[in-house]
Visitor: 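Before anything else, here's the structure in question.
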Amino acid sequence: MKKYFILFFLPLIFCRCEDKELLFINEFTFDIDGVHYDLSRIDEIKITSEFGVIGYKDSEKSPVSSLFYYFMGYSPNRENSAYGGGFFDKSVQKETFFNVPDPSIYSSFWIEIDNEIYDATSGYIEMTSENAYKKRTESNYHKAHGTFDFVMENRYNKSDTIHVTNGKFLYQSYTYSECVEDVWN
């Protein structure tokens with residue numbers, strides 16, 4: 001699991017925002033068996049965001065061929081609770097509905113609740129994004145929001161399953177970067 005944390009946070013190290021007016025908003029809520037969970041993080045920390053997008057290109061002048069969305073977050077108000085995941089959008093924003101897990105787009109998602117880690121075994125993420133690659137600005141004033149629904153199983157006890165419903169997220173100011181050379185084909 002440590003290698004996934006490194007992979008998710010590595011792009012964030014290179015994408016720091018200096019704008020003092022920039023407010024990162026990460027809202028992430030869901031229900032399990034009628035219990036509402038809020039792993040949102042809303043503050044003025046300028047260094048990290050829990051959502052980012054990497055655009056992959058074959059060459060400097062070619063169009064973006066795929067987008068990799070990654071999620072990573074934790075709740076400062078709920079100890080030992082976090083989430084993470086990601087997926088490739090090979091349609092480059094023509095699609096907004098993504099199955100999780102889906103090996104064809106490398107999609108996966110996990111949630112940790114009170115020291116118990118659950119991996120998505122079926123479900124979806126539906127997302128609308130205002131992506132930087134269309135506007136190509138240096139600032140990171142981009143927004144994404146959506147819904148999700150997962151059936152998940154405990155990573156260490158496969159008989160322990162949960163159904164995550166009413167999942168919602170909103171990110172205001174997320175990082176965007178581009179990489180030349182499409183290594184995912």
Visitor: Roughly how far apart are Glu153 CD and Tyr118 OH, rounded to 0.5 Å?
Guide: 10.5 Å
Visitor: Side-chain donor-acceptor pair under 3.5 Å between Glu112 and Asn80, yes or no?
Guide: no
Visitor: Assess whether atom NZ of Lys158 is packed by more than 12 heavy atoms of other residues, nucleotides or ligands within 6.0 Å.
Guide: yes
Visitor: Please work out whether the ring planes of Tyr171 and Phe71 are parallel, tilted or perpendicular, with thresholds of 30° and 60°.
Guide: perpendicular
Visitor: Between CD of Glu116 and CG of Asp114, what distance do you get to the nearest 0.5 Å?
Guide: 8.5 Å
Visitor: If you draw a 6.0 Å radius around CG in Asp33, do more than 12 non-hydrogen atoms from other residues or ligands fall strictly inside?
Guide: no
Visitor: Can any side-chain N or O of Asp89 pair as donor or acceptor with the backbone N or O of Gln93 at less than 3.5 Å?
Guide: yes
Visitor: CG of Asp38 to OG of Ser81: how many Å apart, nearest 0.5 Å?
Guide: 11.0 Å
Visitor: If you round to the nearest 0.5 Å, how far is OH of Tyr56 from OG of Ser65?
Guide: 10.0 Å
Visitor: At their closest point, which heavy atom of Trp110 faces which heavy atom of Gly85, and how far apart are they?
Guide: NE1-N, 4.3 Å
Visitor: What is the distance from atom CZ of Phe169 to atom OH of Tyr83, rounded to the nearest 0.5 Å?
Guide: 9.5 Å
Visitor: Within the distance-only criterion (no hydrogens, no angle test), does the side chain of Ser177 pair as donor or acceptor with the backbone N or O of Ile54 below 3.5 angstrom?
Guide: no
Visitor: Looking at Phe98, Phe97, Phe87, Phe28, which one forms a ring-ring contact (aromatic ring centres under 6.0 Å, His included) with Phe148?
Guide: Phe28
Visitor: Report yes if some heavy atom in the side chain of Tyr124 is under 4.5 Å from a heavy atom in the side chain of Val100; otherwise report no.
Guide: no
Visitor: Scan side-chain atoms only and decide if Asp149 and His163 contain a donor-acceptor pair under the 3.5 Å cut-off.
Guide: yes
Visitor: Are the side chain of Lys90 and the backbone of Leu67 linked by a donor-acceptor contact shorter than 3.5 Å?
Guide: no
Visitor: Any non-hydrogen side-chain atom of Met152 less than 4.5 Å from a side-chain atom of Val164?
Guide: yes
Visitor: If two hydrophobic side chains count as joined below 4.5 Å and joins carry through other members, does Phe51 share a cluster with Val92?
Guide: yes
Visitor: Could you report the tightest heavy-atom contact between Ser66 and Phe88, atom names first, then the distance?
Guide: OG-CD2, 3.9 Å
Visitor: Kindly compute the distance separating CZ (Phe150) from OG1 (Thr161), expressed to the nearest 0.5 Å.
Guide: 15.0 Å
Visitor: What are the two closest heavy atoms between Asn99 and Ser107, and how far apart are they?
Guide: O-OG, 2.8 Å
Visitor: With no hydrogens and no angle check, just 3.5 Å: does a side-chain donor-acceptor pair link Asp31 and Asn166?
Guide: yes
Visitor: Closest heavy-atom contact between Gly86 and Phe68?
Guide: C-CE1, 4.1 Å
Visitor: Considering all heavy atoms of both residues, which atom of Pro101 and which atom of Ser122 are nearest to each other, and what is their separation?
Guide: CD-N, 3.7 Å
Visitor: Take Met127 and His145 through the test side chain to side chain contact (heavy atoms under 4.5 Å, CB included) and record every step on the way to the result.
Guide: CA-CA 6 Å; Met127 181 176 64; His145 62 89; over 6 Å; no
Visitor: Should the pair Lys168-Glu27 be classified as a salt bridge under the 4.0 Å nitrogen-to-oxygen rule?
Guide: no
